Amino acid sequence: MRRLKGLLIALLAVPLSAGTALAKVHVVSTLDDFSSIAESIGGDLVEATSLAKGYQDPHFVDAKPSFILKLSRADLLIVAGLELEIGYLPPLIDQSRNDRLHPGNAGYLDVSNGCEILQRPTTQVTRAMGDVHPFGNPHYWLDPDNGRVIARSIAAKLTELDPANRTVYEKNLSAFETRLDGKDREWKAKLAPFSGSPIVTFHNSWPNFAKHFGLVVAGQIEPKPGIPPTPSHTLEIINLISSQKIRAILVEPYFDTKTPKYIGGKTGATVLIFYPSVGGTPEIKDYFALFDTDIDALVKALGGNHP
Amino acid sequence: MRKTFGIALLLPGAIGLALAEAPSPEPARPDPPAEDRVASLENRLAEMQRVYDARIAALEAELAALKGAANAPGPATPPPAGPPVPLPAAAPSQTSNYFNPSVSVIGNFLGVGGSNHTATLPAADLRESELGLQAVVDPYARADFFVSFAEEGVGVEEGMVSFTSLPWGLLAKVGRMRTSFGKINTLHLHVLPWPDEPLPVVNLLGGEEGWIGTGVSLAKLIPLPGDVFSEVTAQVFRGDSAGPFATQSRGDLAYNAHYRIFSDLTESTNLDLGLSYGLGPNGITDTSDTRLQGIDATFRWKPLRTATYRSASVRGEYIRSRKDELVGTASAEGWFLSGEYQLAKRWFLGARYERAGDPDDPSLRDRGEAAILTFWPSEFSQLRGELRRRLYATGETADEALFQVQFAIGAHGAHPF
């Protein structure tokens, strides 16, 4: 039987090796952000798709069987890790019939590795704190420095899977990093006048973003992660915004804007739909456009009432 | 290299620690020098580990700085961009604990009011405490145990090994499992959209528990054009495992085959269809069988952007049973149709209509209707009320109110789909 399988592989391999080194590397990411970076690094050598959409709550993705099909054909699975995907990914991997993608195998890449992860609990956590992540805040890709680490991890993994194209991946990585350096300077310059500005967010998705760009997340509309707004907490946030003269309320696209708009109406703060992922709108085509869009909107909101 | 070194250092350290911490039942052996030596060795090991970790961290930081300065891509290992990542606060003290399965317990409380003389449920019942133990076995398999405690008595609802690394798109399970007959029968009680099992399952699949089998299951993906998921499952179970089957003979086995198709119709809608066929001995005579046929369909609507606030689903299942009797064959059928609509982030409204015959007497038919309201305080707890009217073949009309409270602690399981 094994001989038969070997023969089949050999037969399949002949037309493949006749062309370039490997047919395209099929990448499946849980988030569009990682697919976008993988496309930047892999160029024509990879074909990347994602499970969650950029405007979808990444905590609550349905484990649809159509995702099993995608995984069954993948060479590489890129995940955010830190238990962000715990609600849907494990059973999909188990049913994918694709041994490569199991954690610990060559086709599984957790890009949180090496990134700066904030808010790792240092004391005992319980669910009385809401939907806390015991391994730290999983929205770490919203820091361009972490984006660089993610790109390096993906480049290293693509090189490992497809060593023949090492130089291509190296070249693309260095182009990505150069572009990111330039863009990051541009983004920082745009936000520099607002350094230290307090903001309010709906969910705790923005600690990495705030830290990198020198903003201060003063409060969240959710009283605890995953717990919908309550009247008393909403009142606290209104008082907070008034006392600290906070100008912007950032709301992820998948949350109800009723409470944020109510708070905005009471305080004069601008309610901004703030996109945490690539694909949040059709214009946010890649990792760079994500920051471009968010930062332009934020600058406008923060500078709005400025003399 | 570093990893091996770390493990090599950690392992004896952990064992030493475990030994040191184990309460000794007898007075300490009169050999203080040996103990001192162990303690000093431990200290030295711990000290060595600290020193090496610090050195490695320093080297890594240096490397990162150098690479950053040279602006050279480092595809081999991604150096950390920020400050070195702190180690998890508390490393498990014993490696034996490290590989413990993830543990969860789900409590399922049911309170019932109204009258019903046909199917009597207690006024208040901790109907199920489901203990889940799940872990990866080895590079080839994972194991899942769901032990279901009633107020008195305990049963293994599922306990199986799944071989996830088989060739040819196969997925094998061995053990005790909920049979892949239809859709509802595969679901655990606590993930059903109602507090009770619908009549076709109760009457035709062997009672409130449904059909659970002990044996072997093999599933294979069947490629179809487009992005249509299609899977065929074949299962062989002991002939008398729970469900509608019974036998005295070891050689009489029960069989089930299931074919499932799933397709995304649009980004926010999808359709799940299934065909099932079950066959097994019913114990009336040596050769008498019961044959089951089933069709199930689920349609879901959930716009992704507002997915946590608004969704709807419609599901239905049809089951036909043909049971060999001493003379002739009894044929019965049952079906239900159910819908659920999400009103707000934490509120769901549902309705269900159900009919089912008696597998032994085709002239006896039960039917029922129910309205359900569900509230989720968080992802881990759920309150649910159901108003149910059942018209039994006995002529009784039973009006009942069911109140269910479910709560989960422990490991975060996957969300049901």
Side-chain angles (χ1 to χ4, degrees), chain A residues 5 53 55-57 60 62-66 68-70 72 83 86-91 93-97 99 102 104-105 113-117 120-123 127 130-131 135 143 145-146 148-150 152-153 155-156 159 166 169-170 173-174 177-178 181 226-228 253-256, chain B residues 71-83 85-86 88-89 136 139-140 142 162 164-171 219-221 223 227-231 260-264 267 270 272 300 302 304-309 344-346 377-380 409 411-417:
Chain A
K5 207 180 152 196
K53 298 282 181 197
Y55 41 82
Q56 185 179 6
D57 189 336
F60 296 95
D62 279 333
K64 294 196 286 189
S66 40
I68 297 173
L69 278 189
K70 279 189 175 183
S72 71
E83 298 200 338
I86 197 169
Y88 67 100
L89 196 59
I93 295 176
D94 282 336
Q95 293 178 74
S96 71
R97 280 86 161 163
D99 194 33
H102 284 268
N105 290 358
N113 249 325
C115 285
E116 187 187 10
I117 306 302
R120 280 187 205 261
T122 49
T123 55
R127 293 214 173 105
D131 200 359
F135 297 107
D143 174 347
D145 283 338
N146 281 342
R148 185 177 297 115
V149 176
I150 293 168
R152 288 177 187 174
S153 300
T159 305
R166 176 187 195 105
Y169 299 131
E170 274 177 12
L173 174 66
S174 120
E177 292 199 40
T178 309
D181 289 339
I227 305 292
Y254 38 83
F255 288 118
D256 191 358
Chain B
N71 199 19
T77 44
V85 180
V136 170
Y140 318 106
R142 61 169 292 113
S162 305
T164 52
S165 305
L166 299 177
W168 305 303
L170 291 174
L171 182 68
K220 183 172 168 48
L221 297 179
D227 275 332
V228 179
F229 173 88
S230 117
E231 182 183 52
R260 181 186 185 192
I261 288 186
F262 174 94
S263 181
D264 287 305
E267 186 186 279
N270 55 67
D272 212 341
R300 299 180 185 86
K302 190 189 261 191
L304 295 183
R305 189 170 179 134
T306 53
T308 58
Y309 295 93
K345 190 164 185 121
R346 308 195 281 181
S378 77
E379 208 187 320
F380 306 99
I409 53 173
H412 187 311
H415 305 137
F417 181 73

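Below, chains carry the letters A, B, ... as their sequence lines are ordered, and counting in each starts from 1. Everything numeric here is computed off the predicted structure, so don't read it as measured data.
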Ala411(B) versus chain A, the contacting section by heavy-atom distance below 4.5 Å
backbone
Winner by heavy-atom pair count (cut-off under 4.5 Å) against chain B, out of Asp131(A), Asp57(A), Ile227(A):
Asp131(A)
Select one option (side chain, backbone, both, neither) describing which atoms of Ile86(A) are under 4.5 Å from chain B's heavy atoms.
both
Mind checking what makes ring pair (Phe, Tyr, Trp, His ring centres under 6.0 Å) contact with His102(A), not counting sequence neighbours?
none
Using side chain to side chain contact (heavy atoms under 4.5 Å, CB included), reason through Lys302(B) and Gln56(A) one step at a time and then give a plain yes or no.
CA-CA 11 Å; Lys302(B) 190 189 261 191; Gln56(A) 185 179 6; over 6 Å; no
Enter the distance from Arg97(A):CZ to Leu166(B):CG here, rounded to the nearest 0.5 Å.
9.0 Å
Check Phe262(B) against Ser66(A) and note the closest heavy-atom contact, atom names and distance.
CE2-OG, 3.4 Å
Apply salt bridge (Lys or Arg N to Asp or Glu O under 4.0 Å) to residues Arg142(B) and Asp94(A) and explain how you reach the verdict.
CA-CA 8 Å; Arg142(B) 61 169 292 113; Asp94(A) 282 336; 3.3 Å; yes
Please evaluate residues Tyr140(B) and Asp99(A) with respect to the criterion side chain to side chain contact (heavy atoms under 4.5 Å, CB included), reporting the C-alpha separation (whole Å), side-chain torsions for both, the decisive distance (0.1 Å), and the verdict.
CA-CA 8 Å; Tyr140(B) 318 106; Asp99(A) 194 33; 5.9 Å; no
In terms of heavy-atom proximity below 4.5 Å to chain A, should Glu267(B) be classed as side chain, backbone, both, or neither?
both
Chain A contact via Thr308(B) - side chain, backbone, both or neither, heavy atoms under 4.5 Å:
side chain
Does any heavy atom of chain A fall under 4.5 Å from the side chain of Val228(B), the backbone, both, or neither of them?
backbone
Residues forming a ring pair (Phe, Tyr, Trp, His ring centres under 6.0 Å) with Tyr55(A), sequence neighbours excluded:
none
Closest heavy-atom pair, Lys53(A) versus Leu304(B), reported as atoms and distance to 0.1 Å, is CG-CD1, 3.5 Å
Among Arg305(B), Arg300(B), Glu379(B), Lys345(B), which residue has the highest count of heavy-atom pairs closer than 4.5 Å to chain A?
Arg305(B)
Can you tell me which portion of Phe229(B) sits under 4.5 Å from chain A's heavy atoms? Options are side chain, backbone, both or neither.
both
Side chain, backbone, both or neither of Pro223(B) within contact of chain A (heavy atoms, under 4.5 Å)
neither
Whatever's closer than 4.5 Å to a heavy atom in chain A on Arg346(B) counts as side chain
Quick one: what part of Pro90(A) sits under 4.5 Å from any heavy atom of chain B, side chain, backbone, both or neither?
neither
Shortest non-hydrogen separation from Leu171(B) to Gln95(A) and the atoms involved
CD2-CG, 4.2 Å
Give me the atom names and distance for the closest heavy-atom approach of Arg260(B) to Pro65(A).
NH2-CG, 3.3 Å
Could you look at Phe255(A) and say if it's the side chain, the backbone, both or neither that has a heavy atom under 4.5 Å from chain B?
both
Need one label for Asp264(B): side chain, backbone, both or neither, based on atoms under 4.5 Å from any heavy atom in chain A.
side chain
Assert top hit (heavy-atom pairs under 4.5 Å, partner chain B, pool Leu69(A), Thr123(A), Ile68(A)) equals Leu69(A)
